[in-house]
Protein chains: 2
Amino acid sequence: MDQAGEAVLGIEPGVTDAGEAAAPSNLVNLVYTSVTAMIRRRQLRGGHSIVEAKLAAQLGVSRTPLREGLQRLEGEGLVVKGGGRSFVVRHVDLGEYLQSLKVREILEPEAAEAACGHIPEAEIAAVRREIAGLQAGSTMLHTDAHWQSDDALHELFARNSGNDVLAQMIRRLRVTTRLFEIARLQDRVAPDLREHAQILDALESHDGKAARKAVQAHIRSLQRFALATVR
Amino acid sequence: MDQAGEAVLGIEPGVTDAGEAAAPSNLVNLVYTSVTAMIRRRQLRGGHSIVEAKLAAQLGVSRTPLREGLQRLEGEGLVVKGGGRSFVVRHVDLGEYLQSLKVREILEPEAAEAACGHIPEAEIAAVRREIAGLQAGSTMLHTDAHWQSDDALHELFARNSGNDVLAQMIRRLRVTTRLFEIARLQDRVAPDLREHAQILDALESHDGKAARKAVQAHIRSLQRFALATVR
DNA sequence: CCGGTCCGGATTGTATGCAGATTGAACGCA
DNA sequence: TGCGTTCAATCTGCATACAATCCGGACCGG
């Protein structure tokens, strides 16, 4: 096959970055970011078995960088070598989702409290604007923007917690929970916005205890929602 | 080059497994386990830059599976593509070590308390025997066995915590802290054995609060030791 | 003596070829 | 019809070839 075939996706590498250093632009990174994005967009569903040649052709790369990218994603837990031989997009079930939330319930309040008072006003304001924009917009078709603002808020106190390892763990857990939310959860925009606003209030008023409580309440709300929603 | 050149290492795949399902035996897994072992044995030091062809020849594989294995290790944080082009064995500095311990101090007591009462007696006894063997043996040259018993103990309550996600996070954090301990810390066998025994006592007597405290004390002891030891 | 340029070896990035394993379907036999 | 067998298409595992890039040192001009 002619490997010069055009790539189907218009994904610029780094589209998902949130303030990280720019990754070197090679095909492995392109695969990595593309597949991540495809999973987040549900173009690749949990449990889906990946055929290397097909995906490689779709992305316009050969199998070698594709496999390397998939191995990296395996290390991060987004895909698994399911039993047999081929890679499978990781499927997060309700049980694992709740377990992840349990760990987040331990870590994120801690991070929020630690970050309290160390977050630049400007950053808080930016996240607040994002939320306001979401409230103003029509209630439809903003799920993508909603995920983004969700990321922004949680990243806000994770990054400013003063503990990079803690932040990294939170990010990783959020990858898992996001995977499930994408696949199984309906709109939760309204309660999220409300709870996020409360978290921002606490962070802004430098009230560590309140921030901790607000974050914990938020995550517990997610647990209840999942239990109530998922069939 | 003749790829049939003999592998230098006598590493059987799965040597580091602790009750996990056996990984399929392919060269990528061999690379993965071998490099992990080499790092743990200080044959590959933190910050060391990996030359693909050389390491591939050492392991008796071609560059393709070598690179795939390294990509996977990158996903897990054992190696990084440091700035430039080649892979570099991750170097954990004191700051990151302490940050990781801080997170472990949050998670591991939680896991220990959760596991309390759910651990088969036989498993506790096995770990206790391992510790006893270590105490009996000469104080020299057992650092490898010490690491292994360390793994066994922490794995004991992580695996039985009832939360696989939590267990996975603990494992991941312990990879980081172990990396530092291998590189920078001297013998800490005696205090470790003592503190591990106390943890086992608490677990065995099904005293959740005591287990939590014992684990927390152990991790804090590690923090103090690092601060006191590292120049 | 110093700085710059050019060249060659070393090293990584990527594609491709091939062998072995697997799957599924067609086919024959009871 | 039901079941085992065989064969072909498919797919992954791995090696290797080649291109692109990088690094260091020699050489040349000032």
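Numbered from 1 within each chain, the chains take letters A, B, ... in sequence-line order. Computed from a predicted model, the values in this text were never measured in an experiment.
- A centroid separation of 6.0 Å or more is found between the aromatic rings of A/His48 and A/His91.
- D/dG13 atom P lies 10 Å from atom CG of B/Asn29, rounded to whole Å.
- Proximity note for B/Val51 (side chain, C-beta onward) versus C/dT11, D/dC14, C/dT14: the nearest is C/dT11.
- Spacing between atom CD of A/Glu74 and atom C1' of D/dG13 amounts to 14 Å, rounded to whole angstrom units.
- The separation between B/Gln71 atom CD and C/dG13 atom P is 8 Å, rounded to whole Å.
- Of the residues near DNA chain C, A/Pro65 and B/Ser49, the one whose nearest nucleotide (by heavy atom distance) lies more toward the 5' end is B/Ser49.
- Contacts of A/Thr176 classified as side-chain hydrogen bond (donor to acceptor under 3.5 Å, both in side chains), with partners at least two apart in sequence or in another chain: A/Arg90.
- For A/Val28, the side-chain atoms get nearest to C/dT14 when compared with the rest of D/dC14, C/dA15, C/dT14.
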Could you go through nucleotides 22-25 of chain D and list every protein N or O atom that sits under 3.5 Å from one of its N or O atoms, giving the distance for each pair?
none

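- Side chain of A/Arg67, nearest nucleotide from D/dT12, D/dA15, C/dG13: D/dT12.
- Nearest heavy atoms, B/Ala145 versus B/Leu134: CB-CD1, 3.5 Å.
- Residue B/Thr64 places its side chain closer to D/dT16 than to any other of C/dT12, D/dT12, D/dT16.
- Rounded to whole angstrom, the span from the CG atom of A/Leu59 across to the C1' atom of C/dG13 amounts to 17 Å.
- In terms of heavy atoms, A/Ala112 sits closest to A/Val215 at CB-CG2, 3.5 Å.
- For A/Glu68 and D/dC14, the CD to P distance is 13 Å, given to the nearest whole Å.
- Salt-bridge check for A/Glu181 with A/Arg178: passed, with a basic side-chain N closer than 4.0 Å to an acidic carboxylate O.
- The distance between atom CG of B/Asn26 and atom P of D/dT12, rounded to the nearest whole Å, is 13 Å.
- Looking at heavy-atom distances under 4.0 Å, A/Leu66 makes no contact with the nucleic acid at all.
- The nearest whole Å value for the distance from the CZ atom in B/Arg63 to the C1' atom in C/dG17 is 17 Å.
- Rounded to an integer number of Å, the gap from CD of A/Glu52 to C1' of C/dG17 is 15 Å.
- Taking the side chain as every heavy atom from C-beta outward, B/Arg188 and B/Leu222 approach each other to under 4.5 Å.
- Note on B/Leu70: nothing from the nucleic acid sits closer than 4.0 angstrom, heavy atoms only.
- With respect to the salt-bridge test (charged N to carboxylate O, under 4.0 angstrom), the residues A/Arg40 and A/Asp151 qualify.
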